[in-house]
Amino acid sequence: QVQLVESGGGLVQPGGSLRLSCVASGSTLNYYSVGWFRQGPGKEREAVSGINDSDGSTYYADVVKGRFTIPRDDGKNTVYLQMHKLQPEAAGVYYCAAGGGIVTYYLQRALMYDYWGQGTQVIVSS
């Protein structure tokens, strides 16, 4: 069992940057594949990014490629979501999730993950 806590959300102006953190407890996060998802108002939850537990391969949704990265800090048991050039359509609640042995092809599938954090809200407004 692993517990996940997201942080780092808040209000940012269009074009700005935020770094979200997903900190794990109860287990070592490196044992799990980790994904980031977001849900905007009136929208379904969508995959944003993910990182494989075995080889470190990553997934990025087309809408965030080149602007988001998913760094990992093993010493802090933390996976980040570094977001640049944020626009209003990127607003929503961001969740991190963990699951064992999720191959890169399935990192974008929410049903593959066993553990979820409570989310952190990102607001993009001028």
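Basis for what follows: all heavy atoms, side chains included, without hydrogens, waters or symmetry-related copies.
The two residues Val79 and Ile51 come nearest to each other via the heavy atoms CG1-CG2, 4.5 Å. Scanning all heavy atoms of the two residues, the minimum distance from Ala47 to Phe37 falls at CA-CD2, 3.4 Å. Across every non-hydrogen atom of Thr104 and Asp55, the tightest pair is OG1-OD1, 4.4 Å. The two residues Val2 and Ala98 have their closest heavy-atom pair at CG1-CB, 4.3 Å.
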Name each donor-acceptor pair under 3.5 Å that joins a side chain in residues 108-121 to protein atoms two or more places apart or in another chain, with its distance.
from, atom 1, to, atom 2, distance (Å)
Gln108, NE2, Tyr105, O, 3.0
Tyr113, OH, Leu107, O, 2.7
Thr120, OG1, Gly9, N, 3.1

Show me the side-chain donor-acceptor pairs of residues 88-95 shorter than 3.5 Å, one per line, residues at least two apart or across chains.
from, atom 1, to, atom 2, distance (Å)
Tyr94, OH, Arg38, NH1, 2.9
Tyr94, OH, Ala90, O, 2.6

Table please: side-chain donor-acceptor pairs of residues 20-32 below 3.5 Å, with sequence neighbours left out.
from, atom 1, to, atom 2, distance (Å)
Asn30, ND2, Asp74, OD1, 2.7
Asn30, ND2, Asp74, OD2, 3.2

- Task: Under the side chain to side chain contact (heavy atoms under 4.5 Å, CB included) rule, what do Val122 and Met83 come out as? Steps first, then yes or no, please.
- Result: CA-CA 11 Å; Val122 173; Met83 307 184 292; 4.1 Å; yes
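Going from atom OG1 of Thr69 over to atom CG of Leu81 covers 7.5 Å, rounded to the nearest 0.5 Å. To the nearest 0.5 Å, atom CD of residue Glu44 and atom CD of residue Gln39 are 8.5 Å apart.
Pairs of residues two or more places apart, or lying in two chains, never qualify as ring pair (Phe, Tyr, Trp, His ring centres under 6.0 Å) while including a residue from residues 43-89.
Under the 3.5 Å distance criterion, the side-chain polar atoms of Asn52 are matched with a main-chain donor or acceptor of Ile102.
Applying the under-4.5 Å side-chain rule to Ile, Leu, Val, Met, Phe, Trp and Tyr, the cluster around Ile123 extends to Leu11.
In this structure Gln82 satisfies the side chain to side chain donor-acceptor pair (under 3.5 Å) test with no other residue, sequence neighbours excluded.
Residues Gln13 and Ser126 fail the side-chain proximity criterion, which asks for heavy atoms closer than 4.5 Å.
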